[in-house]
Amino acid sequence: MTENEISVTAGSDRRDLRRYVGLLGIFWRSTFSAELEYRANFAANTALSVFWTVWAALGVRVFFRFSDSIAGWDYGELLVVVGLFFTVNGLRQALFAPNLNRMTDYIRNGTLDFLLTKPVNTQFMVSFRQLGVYNLLDPVLGISLSAIGLASANRIPTPGSLVAFVLMLAVAALMLYALTLVLMAAAVRLVNSEGLGNVAFVAVELSRFPVQLYRNPVQTVLTIVPVAFLTTFPAEALLGRLDGRLLLVGPVIGALAVALGSVAFRRSLRSYSGASG
Amino acid sequence: MSFGQFSPVADWVRAYPQLLRAALQVTLTYRGRLLFMFTGALFPMLLLFVWLTVAAGGPTQVGWDTGRFVSYYLAAAVVHDLTSSDISWAWDSDLRSGELSTKLLRPVPVFHQYAAAEAGSRIVTAIILGPVLIALAVALPVVAFPAGAATLLAAVAATMLAFLLSVLMSSTFALMGFWTTQSGNVYLLWWGLGAFVSGWIAPLDLMPAWLQRAAVLLPFRYAVGFPVEIALGIPTGNTLTGFAIAFFWLAVFAALYPLVWRRGVRRFQAVGG
């Protein structure tokens with residue numbers, strides 16, 4: 001299977017980006033073909049995602065029975081955030097959660113010992129080996145809801161704000177990846193990580209609404225603990241009202257967060273003494 | 001073989017204390033799972049924060065002050081933790097792992113095995129969250145429940161009724177597991193649709209009148225919001241009528257469950273050989 005292809009390229013330049021992109025293709029293809037056996041499940045999960053997206057969009061309507069605008073957000077603009085919530089949550093479930101969940105198994109079964117001996121960067125391996133196939137369409141659904149929100153708020157984004165949006169969404173993904181890395185590091189140390197996936201769930205759940213919808217002190221706390229990066233800032237970029245400084249500060253913070261997460265992960269590996277020895 | 005289903009009533013009644021004790025032990029052994037109590041409370045807390053912003057936004061027709069919002073959502077979070085049922089998920093995974101076959105062989109009907117496990121874990125929840133709610137009501141001046149012995153009694157009775165209704169609904173949907181692998185998700189869909197009229201997405205009092213009228217007749221409110229409304233002294237419609245409708249739905253699902261069970265379990269034998 002895939003193991004052969006990996007070991008053939010062993011020993012070549014570790015920084016070879018193409019090799020890692022190729023590996024990613026192999027990882028995801030193998031997860032994909034394993035799940036293709038359950039096509040009915042894929043259809044059922046997609047239907048469920050559609051249901052929950054519509055559910056959330058209708059649910060927030062209740063707030064607007066009493067006022068046309070809440071803390072500067074009207075219904076269409078709020079839908080942009082709700083859509084981004086499903087986008088980011090979909091990223092969590094498709095990219096990060098399956099790998100975080102596997103981490104406990106790797107440690108308990110001693111698979112991590114085996115992974116450490118592979119001629120592939122361990123962090124890359126444990127971060128991207130798995131793919132949540134069932135949730136792959138969630139980000140698409142979320143973006144669609146955001147588009148509907150933009151249309152109903154009559155806010156057609158300019159090319160500039162689209163670029164800003166893509167940048168801020170990438171920062172959101174970086175933040176989420178950094179959090180996943182920290183949680184993986186914690187999993188190595190705690191072994192029992194039943195609650196760790198919950199931490200990521202809570203962080204994303206907090207981003208269901210724009211931070212302005214919460215009054216202080218909650219609003220300030222969620223801006224400092226960077227929940228605002230997940231949906232509020234990308235939405236503001238899309239609506240053309242993002243504080244321009246964030247376009248510079250955001251990517252720096254995102255890169256720093258991932259760097260810190262990597263340090264935490266590598267340190268946890270150094271403390272790891274093996275499960276099978 | 002489901003002879004458990006036909007054993008004398010006294011058998012499973014006598015088994016209950018033991019089943020409950022086992023469920024308590026399981027809950028206390030896996031204490032980490034108690035944390036899920038708090039993640040379940042996250043959604044109502046978010047809604048609470050948004051409502052506080054709405055209410056603070058100036059003169060609106062909301063008619064609810066901060067205290068009522070805080071009281072409603074605190075009570076709703078606790079009641080939800082006490083009454084929501086995971087039986088259809090447990091059933092789903094037991095069907096897949098084969099554990100259901102073991103449960104079928106025991107001399108206590110499967111329904112009661114799941115119900116007792118659920119009740120045991122909720123007793124632990126009540127022991128933890130009950131004092132928390134009381135402490136908050138005492139410590140936070142904004143939290144106010146009209147404290148009368150009759151109100152309190154009615155709210156507790158409605159909570160127990162909500163638990164029973166949840167268990168029966170969830171168990172009935174769990175039976176779909178004999179036909180599909182998605183029974184947990186189907187129950188979640190049912191619950192999600194109901195959330196618009198159960199008091200979970202928003203207090204019924206703040207919903208449009210037509211939804212309120214539907215809510216009084218449908219089962220969902222009696223599994224979530226009804227006890228909270230009673231505790232706050234703001235029931236939609238007549239409280240006694242509410243209890244009557246709750247009992248009606250309880251009877252409907254109590255009649256439906258054995259009907260579906262008999263059809264499903266036959267199918268299960270066919271599948272399991």
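Order of the sequence lines fixes the chain letters, A, B, ..., with proteins taken first and strands second; residue numbering starts at 1 for each chain. Remember, predicted model here, so these are calculated numbers, not experimental data.
- Ranking B:Gly192, B:Ala195, B:Ala202 against chain A, the residue ahead of the rest is B:Gly192, based on heavy-atom pairs under 4.5 Å.
- Under the 6.0 Å distance and 45° angle rule, A:Arg61 counts as a cation-pi partner of A:Tyr75.
- In this model, no donor atom of one side chain and acceptor atom of the other lie less than 3.5 Å apart for A:Thr31 and A:Gln130.
- Within the 4.5 angstrom heavy-atom criterion, atoms from both the backbone and the side chain of A:Phe63 approach chain B.
- Both the backbone and the side chain of B:Leu193 come within contact range of chain A, judged by heavy atoms closer than 4.5 Å.
- Among the candidates A:Gln212, A:Glu205, A:Arg215, the residue making the largest number of heavy-atom pairs closer than 4.5 Å to chain B is A:Arg215.
- Annotation for A:Arg241: atom CZ counts as buried by contact number, over 12 foreign heavy atoms lying within 6.0 Å.
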Do B:Trp51 and B:Trp64 pass the ring pair (Phe, Tyr, Trp, His ring centres under 6.0 Å) test, and can you show the C-alpha distance, the side-chain angles, and the key distance before you say yes or no?
-> CA-CA 9 Å; B:Trp51 277 118; B:Trp64 278 40; 7.9 Å; no
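- Contacts of A:Tyr214 with chain B are made by both backbone and side-chain atoms, with heavy-atom separations under 4.5 Å.
- For B:Trp249 and B:Tyr222, the gap between ring centers reaches or exceeds 6.0 Å.
- Proximity to chain B is limited to the side chain of A:Val218, based on heavy atoms less than 4.5 angstrom apart.
- When B:Leu48, B:Leu47, B:Ile201 are compared by the number of non-hydrogen pairs under 4.5 Å with chain A, B:Ile201 comes out ahead.
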Check against ring pair (Phe, Tyr, Trp, His ring centres under 6.0 Å), B:Phe173 and B:Trp91 | CA-CA 10 Å; B:Phe173 273 86; B:Trp91 192 294; over 10 Å; no
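- Residues B:Tyr114 and B:Asp94 form a side-chain contact, since some pair of their non-hydrogen atoms from C-beta on lies under 4.5 Å apart.
- Proximity to chain A involves both the backbone and the side chain of B:Met207, based on heavy atoms less than 4.5 angstrom apart.
- Heavy atoms closer than 4.5 Å to chain A are found in both the backbone and the side chain of B:Leu46.
- At a 4.5 Å heavy-atom cutoff, the contact between B:Leu188 and chain A is made by backbone and side-chain atoms alike.
- The contact between A:Ile70 and chain B is made entirely by side chain atoms (from C-beta outward), counting heavy-atom distances below 4.5 Å.
- Between A:Pro139 and A:Gln93, the closest side-chain pair of non-hydrogen atoms is not below 4.5 Å.
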